[in-house]
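In this chain, residues are counted from 1 in sequence order.
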Amino acid sequence: YVKLKCGVSKIKNLVENFLCNPESFKQDPTPCRPNCDPFLVTVTCIVDPGEFYVVRWCEKEKRERLERTLNKEAAGYTIPAELLTGQLYAIYSEETKKWFRGVCGQQCGIYQMGNGSPEQLYSFTFIDEGCQETIRSTQVRCLPKEHAVIPAMALSCTLNQHFKRMPFNGEATARFRQATRRSPMSMKIFGEEGGILDVDLSQVPCFGEENYYVSIRDALFLDRTVQQAPMFVRSPVPPARKFKAK
């Protein structure tokens with residue numbers, strides 16, 4: 001219950017806690033942790049609406065804990081004598097200045113700075129993010145067994161119905177990026193094929209917002225087929241009655 005004397009910050013806190021776990025308000029009034037719904041996700045990497053990656057919101061704490069451990073210890077791990085394709089390693093990203101877990105791909109070039117020694121470049125897939133990046137061989141470390149046995153947290157997803165590949169232009173991809181910036185999002189799964197999930201995403205209504213995405217898939221579909229179709233979908237309201245003269 002919200003009283004008139006409750007401030008905006010108090011109301012926002014109540015709404016956020018309720019969205020995390022509505023059931024907790026029926027039994028326990030203590031604040032809940034936002035890790036209870038396996039269908040709340042964060043979009044971590046986007047190629048286009050037909051190929052993107054998400055991580056479950058309920059694994060947020062575990063993912064952050066692993067990231068903190070790697071950034072604290074990975075620089076001191078053993079340097080591998082040889083990089084094997086398909087092997088899991090700890091890798092350092094020059095772009096983000098952080099350590100991650102990554103699966104080694106093919107050798108893709110040579111890196112050399114001035115008169116320094118040349119280094120081999122390898123393509124790596126970040127299993128907890130979904131993205132790919134070229135990593136120097138000197139920025140790779142052997143991953144301890146206790147970290148290697150943790151399952152990959154990034155899930156490969158598509159908005160393409162029945163996994164039928166559809167071309168998306170740059171504008172559609174940009175709008176998809178904009179629509180999925182806010183976390184968490186609710187994910188509905190329709191099927192799985194070859195390790196890829198056929199899904200739809202919707203935004204969790206946010207305090208003070210009149211517009212939100214009820215279905216990302218429907219919004220993109222309408223935008224691709226109807227001229228000037230709205231990207232945002234309003235909260236469901238009864239359609240206005242139209243009268244016809246007799």
Side-chain angles (χ1 to χ4, degrees), residues 15-16 18-23 32-64 66-67 100-103 124-133 150-207 209 211-226 229-236:
V15 172
E16 290 172 357
F18 177 76
L19 291 176
C20 292
N21 186 6
E23 297 298 325
C32 62
R33 294 183 301 170
N35 62 351
C36 47
D37 190 341
F39 296 101
L40 290 179
V41 299
T42 298
V43 178
T44 55
C45 178
I46 298 173
V47 177
D48 59 36
E51 182 182 352
F52 61 95
Y53 296 83
V54 304
V55 294
R56 296 189 187 278
W57 190 258
C58 60
E59 294 185 328
K60 181 180 179 181
E61 291 182 7
K62 181 173 70 174
R63 185 162 162 260
E64 291 177 347
L66 175 61
E67 182 179 322
F100 298 91
R101 297 191 303 164
V103 173
F124 274 87
T125 300
F126 294 57
I127 66 171
D128 300 320
E129 305 286 333
C131 58
Q132 294 185 345
E133 191 174 321
I150 300 176
M153 299 185 201
L155 304 175
S156 179
C157 302
T158 181
L159 290 187
N160 296 332
Q161 295 185 7
H162 309 299
F163 306 97
K164 294 180 180 179
R165 184 65 184 175
M166 296 176 61
F168 288 92
N169 57 31
E171 182 180 357
T173 301
R175 293 187 177 185
F176 181 67
R177 292 181 188 276
Q178 179 68 25
T180 55
R181 288 179 60 184
R182 196 179 77 195
S183 296
M185 303 196 73
S186 179
M187 182 174 71
K188 182 183 295 185
I189 302 176
F190 301 104
E192 187 272 338
E193 183 177 299
I196 303 174
L197 299 177
D198 175 12
V199 305
D200 190 11
L201 298 174
S202 61
Q203 287 182 337
V204 177
C206 185
F207 178 82
E209 284 194 348
N211 298 325
Y212 65 94
Y213 292 96
V214 177
S215 168
I216 300 293
R217 174 185 281 179
D218 289 348
L220 288 176
F221 175 77
L222 288 173
D223 187 64
R224 288 161 55 84
T225 57
V226 181
M231 188 61 183
F232 284 93
V233 181
R234 288 183 176 273
S235 305

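Sorted by first then second residue, the side chain to side chain donor-acceptor pair (under 3.5 Å) pairs that include residues 150-162, not counting sequence neighbours, are Thr158-Asn160.
Taking CZ of Phe124 as the start and CD of Glu133 as the end, the distance is 10.5 Å to the nearest 0.5 Å. Remark: Asp218 CG to Tyr213 OH distance equals 13.0 Å, nearest 0.5 Å. In this structure, OG1 on Thr173 lies 11.0 Å from CD on Glu51, to the nearest 0.5 angstrom. Note: Trp57 CH2 to Leu40 CG = 8.5 Å, rounded to the nearest 0.5 Å. Distance check, rounded to the nearest 0.5 Å: CG of Asp128 to SG of Cys45 gives 12.5 Å.
The shortest heavy-atom contact between Val47 and Arg177 is O-NH2, 4.3 Å. Minimum heavy-atom separation, Ala179 to Ile216: CB-CD1, 3.8 Å. Heavy-atom minimum distance, Thr42 versus Ser183: CG2-OG, 3.2 Å. Shown here for Met153 and Ile150, the closest heavy-atom pair between the two residues is CE-CG2, 4.0 Å. When all heavy atoms of Ala172 and Pro49 are compared, the pair lying nearest together is O-CG, 4.2 Å.
By the side chain to side chain contact (heavy atoms under 4.5 Å, CB included) test, Thr180 is found to be paired with Val43, Ile46, Phe176, Met185, Leu201, residues two or more places apart in sequence or in another chain being considered. With sequence neighbours left out, Val103 forms a side chain to side chain contact (heavy atoms under 4.5 Å, CB included) with Leu88, Ile127. Evaluation of the side-chain hydrogen bond (donor to acceptor under 3.5 Å, both in side chains) rule for Arg217 yields Asp198 as partners, not counting sequence neighbours. Remark: Lys62 pairs with Glu59 by the salt bridge (Lys or Arg N to Asp or Glu O under 4.0 Å) rule, at least two apart or across chains. Listed by chain and residue number, Gln132 satisfy the side-chain hydrogen bond (donor to acceptor under 3.5 Å, both in side chains) test with Thr125 (two or more places apart in sequence, or in another chain). Under the side-chain hydrogen bond (donor to acceptor under 3.5 Å, both in side chains) criterion, Glu129 pairs with Arg63, sequence neighbours left out. Asp200 pairs by the salt bridge (Lys or Arg N to Asp or Glu O under 4.0 Å) definition with nothing, not counting sequence neighbours. For Tyr53, the ring-ring contact (aromatic ring centres under 6.0 Å, His included) criterion is met by no residue, not counting sequence neighbours. With sequence neighbours left out, the side chain to side chain contact (heavy atoms under 4.5 Å, CB included) criterion links Glu64 to Lys60, Arg68. For Arg181, there are no salt bridge (Lys or Arg N to Asp or Glu O under 4.0 Å) partners, not counting sequence neighbours. Residues passing the salt bridge (Lys or Arg N to Asp or Glu O under 4.0 Å) test with Glu67, sequence neighbours excluded: Lys98.
For the pair Leu197 and Cys157, the minimum side-chain heavy-atom distance is below 4.5 Å. Under the 4.5 Å side-chain criterion, counting only non-hydrogen atoms from C-beta, Phe52 is in contact with Val199.
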